[in-house]
Chemist: 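Take a look at this one; I'll ask things after.
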2 protein chains.
Amino acid sequence: MADDAGGRPAAAQRQMMRPFERSLPMALLRAREAVMRGFRQQLREYGLNEQEWRIMRALMEVDRVEIGELAECVFILKPSAIRTIKNLESRGIVSRTRSSADQRRAFIALTARGRKLFEELAPHSEEEYARITKLIGSADMQELYELLRRVTDQLNGSKA
Amino acid sequence: MADDAGGRPAAAQRQMMRPFERSLPMALLRAREAVMRGFRQQLREYGLNEQEWRIMRALMEVDRVEIGELAECVFILKPSAIRTIKNLESRGIVSRTRSSADQRRAFIALTARGRKLFEELAPHSEEEYARITKLIGSADMQELYELLRRVTDQLNGSKA
DNA sequence: TATTGTTATACTCTATAACTATA
DNA sequence: TATAGTTATAGAGTATAACAATA
């Protein structure tokens with residue numbers, strides 16, 4: 001069977017293929033997958049997917065926000081965001097109110113129930129965060145945040 | 001119009017909503033989006049999407065690999081990977097050969113044409129990389145890679 | 001005429017489950 | 001029986017375009 005590696009059990013047990021070590025997007029994706037893996041399971045137990053959670057987290061910090069801005073900041077296209085919000089609305093998690101100053105605009109906000117759901121999930125998220133901080137150290141965690149922020153800001157700034 | 005902010009131009013021109021500053025997954029996603037934005041356009045001009053590029057990059061470094069392992073390492077589910085590979089195969093970018101030692105297994109590899117396509121795109125990728133390195137500095141770039149690698153490895157290792 | 005939200009459409013990926021064939 | 005690949009299916013996101021109401 002030579003280098004065909006026939007009969008090897010599972011890829012995970014061997015030293016896995018680890019491609020494009022020098023690809024920053026891939027390194028970011030890989031890290032994100034590693035971080036999210038645990039939490040995604042928790043989300044599903046609460047009937048939420050990743051996008052819905054992103055929207056909830058965003059709403060948690062701003063009280064209310066227009067749909068377009070919300071969509072942009074959580075990296076979901078407007079049509080998807082509208083559908084997701086409609087879905088969350090039907091479950092009583094978010095509310096939608098029309099701006100009185102400009103009837104075109106709609107504001108989205110978490111309902112009391114949405115906030116409660118968030119509070120139930122947040123500890124799991126915090127736990128994950130604490131676990132990672134413990135694994136790599138608090139100083140390095142800060143450093144990582146700082147570097148990510150710099151890359152993001154510099155790229156977004158130097159793009160016009 | 002008060003805090004309704006009626007008549008404001010585009011969200012981007014104002015100080016945008018910047019939610020969950022302390023969410024690591026979001027920071028990773030945001031950075032990834034910033035990094036990929038420029039390159040995604042290039043990909044599309046070559047008729048490739050992100051997943052197809054990920055697969056090509058992975059294949060570029062290993063000669064050939066089984067479908068399951070490939071799918072796992074680029075974070076694409078097997079059914080999606082199979083369809084994508086089938087698509088790439090129909091465009092002559094990858095080839096598929098059956099393992100002689102174990103007829104169940106199939107090996108995927110880049111064709112000469114696939115490799116050529118990669119070589120055409122790689123400079124754009126390198127350019128982006130150089131640009132980022134210049135923006136945040138070579139040392140910090142190294143540091144960022146290192147931190148991402150540690151987070152990933154620690155989480156994956158400490159998970160069993 | 002420009003903008004916000006909305007709907008429509010086609011395509012793709014996600015997520016599961018079942019199926020085939022090899023082992 | 002277990003495994004690698006494959007197909008099937010339902011759901012959701014991506015990406016565009018067009019449309020409505022409002023400004």
Side-chain angles (χ1 to χ4, degrees), chain A residues 1 4-14 29 33 36-37 40-41 43-45 47-55 64-72 74-91 94 96-108, chain B residues 1 4-14 29 33 36-37 40-41 43-44 47-55 64-72 74-90 94 96-108:
Chain A
M1 40 186 78
D4 256 1
R8 146 171 32 118
Q13 298 194 27
R14 209 164 150 262
L29 177 60
E33 287 299 316
M36 280 301 292
R37 195 181 322 169
R40 234 188 298 252
Q41 185 54 39
L43 283 179
R44 297 187 54 166
E45 286 167 22
L48 294 169
N49 64 27
E50 232 184 282
Q51 285 81 4
E52 290 167 339
W53 176 249
R54 282 219 294 278
I55 287 175
R64 64 177 199 180
V65 67
E66 293 164 36
I67 290 181
E69 188 175 354
L70 176 59
E72 202 175 320
V74 295
F75 299 105
I76 299 174
L77 294 184
K78 239 193 311 196
S80 294
I82 286 169
R83 241 179 303 126
T84 302
I85 287 166
K86 210 174 281 189
N87 185 333
L88 289 173
E89 195 183 7
S90 77
R91 287 191 271 162
V94 307
R96 174 197 314 245
T97 54
R98 219 82 207 188
S99 163
S100 54
D102 182 342
Q103 297 282 1
R104 289 174 305 183
R105 297 172 194 276
F107 289 109
I108 310 302
Chain B
M1 35 187 78
D4 257 2
R8 144 165 38 112
Q13 298 194 25
R14 212 163 147 261
L29 177 59
E33 288 298 316
M36 281 300 292
R37 195 179 322 168
R40 234 188 299 250
Q41 186 54 37
L43 284 179
R44 297 188 53 167
L48 294 169
N49 65 26
E50 232 184 280
Q51 285 82 5
E52 289 167 338
W53 176 249
R54 282 219 293 278
I55 287 175
R64 64 177 199 182
V65 66
E66 294 165 36
I67 290 181
E69 188 175 355
L70 177 58
E72 202 175 321
V74 295
F75 300 105
I76 297 174
L77 294 184
K78 239 194 306 198
S80 293
I82 285 167
R83 241 178 306 122
T84 302
I85 287 165
K86 209 174 283 187
N87 185 332
L88 290 174
E89 195 183 8
S90 78
V94 306
R96 174 198 313 246
T97 54
R98 218 83 208 185
S99 164
S100 54
D102 182 342
Q103 297 281 4
R104 290 173 305 181
R105 296 172 196 274
F107 289 109
I108 310 302

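Here is the naming used below: chain letters follow the sequence lines, and residue numbers restart at 1 for every chain.
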Chemist: Of B/Asn87 and A/Lys78, whose closest DNA chain C nucleotide lies nearer the 5' terminus?
Modeler: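 In this pair, the answer is A/Lys78.
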Chemist: Using a cut-off of strictly less than 4.0 Å, decide whether B/Thr84 has a side-chain nitrogen or oxygen near OP1 or OP2 of C/dT12.
Modeler: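 No, B/Thr84 has no side-chain N/O under 4.0 Å of OP1/OP2 on C/dT12.
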Chemist: What's the CG-P distance between A/Leu29 and C/dC13, to the nearest Å?
Modeler: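 Between P of C/dC13 and CG of A/Leu29: 14 Å.
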Chemist: Looking at every strand, decide which applies to A/Leu77 at a 4.0 Å heavy-atom threshold: base, sugar-phosphate, or nothing.
Modeler: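 Since a base atom lies under 4.0 Å of A/Leu77, the category is base.
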Chemist: What's the CD1-P distance between B/Ile67 and C/dA21, to the nearest Å?
Modeler: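 In whole Å, C/dA21 P and B/Ile67 CD1 are 17 Å from each other.
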Chemist: Using a cut-off of less than 4.0 Å, is there contact between a side-chain N or O of A/Arg96 and OP1 or OP2 of C/dT4?
Modeler: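 Answer no for this pair, as no side-chain N or O of A/Arg96 is under 4.0 Å from OP1 or OP2.
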Chemist: Would you mind telling me which residue lines up with the more 5' stretch of DNA chain C, A/Ala106 or B/Asn49, judged by nearest nucleotide?
Modeler: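 Its nearest nucleotide being more 5', the pick is A/Ala106.
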Chemist: Using the side-chain heavy atoms of A/Ile76, tell me which of these nucleotides is nearest: D/dA23, C/dT16, D/dT14.
Modeler: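 Between D/dA23, C/dT16, D/dT14, the one nearest the side chain of A/Ile76 would be D/dT14.
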Chemist: A/Leu70 pairs by side-chain contact (heavy atoms from CB on, under 4.5 Å) with which of A/Val94, A/Ile55, A/Ile76?
Modeler: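 With A/Leu70 as partner, A/Val94, A/Ile55, A/Ile76 yield a single side-chain contact (heavy atoms from CB on, under 4.5 Å), made by A/Ile55.
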Chemist: With side chains defined as the heavy atoms from C-beta onward, is the minimum distance between B/Arg54 and A/Leu29 less than 4.5 Å?
Modeler: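 Yes, side chains in contact.
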Chemist: Send over the distance from A/Ile85 CD1 to C/dT7 P, rounded to a whole Å.
Modeler: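 About 12 Å, once rounded to whole Å.
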Chemist: Could you state the atom-to-atom distance from CD of A/Glu50 to P of C/dA15 in whole Å?
Modeler: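 Value for this atom pair: 8 Å.
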Chemist: State whether B/Arg40 and B/Glu33 are salt-bridged, where the test is any N-O pair (Lys NZ or Arg NE/NH1/NH2 against Asp/Glu carboxylate O) under 4.0 Å.
Modeler: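 Judged by the 4.0 Å cut-off on N to carboxylate O distance, B/Arg40 and B/Glu33 do form a salt bridge.
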Chemist: Whole-Å distance between D/dG5 C1' and B/Arg64 CZ?
Modeler: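 Whole-Å distance recorded here is 17 Å.
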Chemist: To the side chain of A/Arg98, which of C/dT6, D/dT22, D/dA15 is closest?
Modeler: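 Given the options C/dT6, D/dT22, D/dA15, the side chain of A/Arg98 is closest to C/dT6.
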Chemist: Assess whether a salt bridge exists between A/Glu52 and A/Arg91, defined as any Lys/Arg side-chain N lying under 4.0 Å from an Asp/Glu carboxylate O.
Modeler: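 Here A/Glu52 pairs with A/Arg91 in a salt bridge, since their nearest N and O are under 4.0 Å apart.
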Chemist: Check the distance between C/dT4's P and A/Phe107's CZ and give it to me in whole angstrom.
Modeler: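 My rounded result for the distance is 11 Å.
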Chemist: Is it true that A/Lys78 and A/Glu69 have a side-chain N and a carboxylate O under 4.0 angstrom from each other?
Modeler: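 So A/Lys78 does not pair with A/Glu69 through a salt bridge.
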Chemist: Would one find a side-chain N or O of B/Lys86 under 4.0 angstrom from OP1 or OP2 of D/dT7?
Modeler: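 Checking B/Lys86 against D/dT7: at least one side-chain N or O falls below 4.0 Å of OP1 or OP2.
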Chemist: Out of D/dA8, C/dG5, C/dC13, which has the shortest distance to the side chain of A/Glu66?
Modeler: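 Comparing D/dA8, C/dG5, C/dC13 against the side chain of A/Glu66, the answer is C/dG5.
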Chemist: As a test of reading the structure: which of C/dT6, D/dT14, D/dG5 is closest to the side chain of A/Arg83, going by heavy atoms?
Modeler: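 Nearest nucleotide to the side chain: D/dT14.
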Chemist: Please give, in whole Å, the distance from C/dT22 C1' to B/Asp102 CG?
Modeler: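 Distance check: B/Asp102 CG to C/dT22 C1' gives 7 Å.
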Chemist: Return yes if the base of D/dT3 and the side-chain atoms of B/Arg104 contain a donor-acceptor N/O pair under 3.5 Å, otherwise no.
Modeler: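 Looking at the base of D/dT3, it does pair with a donor or acceptor on the side chain of B/Arg104 (distance under 3.5 Å).
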Chemist: Counting only side-chain N and O atoms of A/Arg40, is one of them less than 4.0 Å from OP1 or OP2 of C/dT14?
Modeler: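 Result: no.
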Chemist: Which residue, A/Pro79 or B/Ile82, contacts DNA chain D at a nucleotide closer to its 5' end, judged by nearest heavy atom?
Modeler: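 So the residue in question is B/Ile82.
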Chemist: Rounded to the nearest Å, what distance is computed from the CD atom of residue A/Glu52 to the P atom of nucleotide C/dT14?
Modeler: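 Rounding to the nearest Å, CD of A/Glu52 and P of C/dT14 are 17 Å apart.
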Chemist: Are OP1 or OP2 of C/dC13 and a side-chain N or O of B/Gln51 less than 4.0 angstrom apart?
Modeler: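 The answer is yes; a side-chain N or O of B/Gln51 sits under 4.0 Å from OP1 or OP2.
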Chemist: Just by distance, do the side chain of A/Arg105 and the backbone of A/Ser99 share a donor-acceptor pair under 3.5 Å?
Modeler: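 No; judged by distance alone, with no hydrogens or angles, the pair does not exist.
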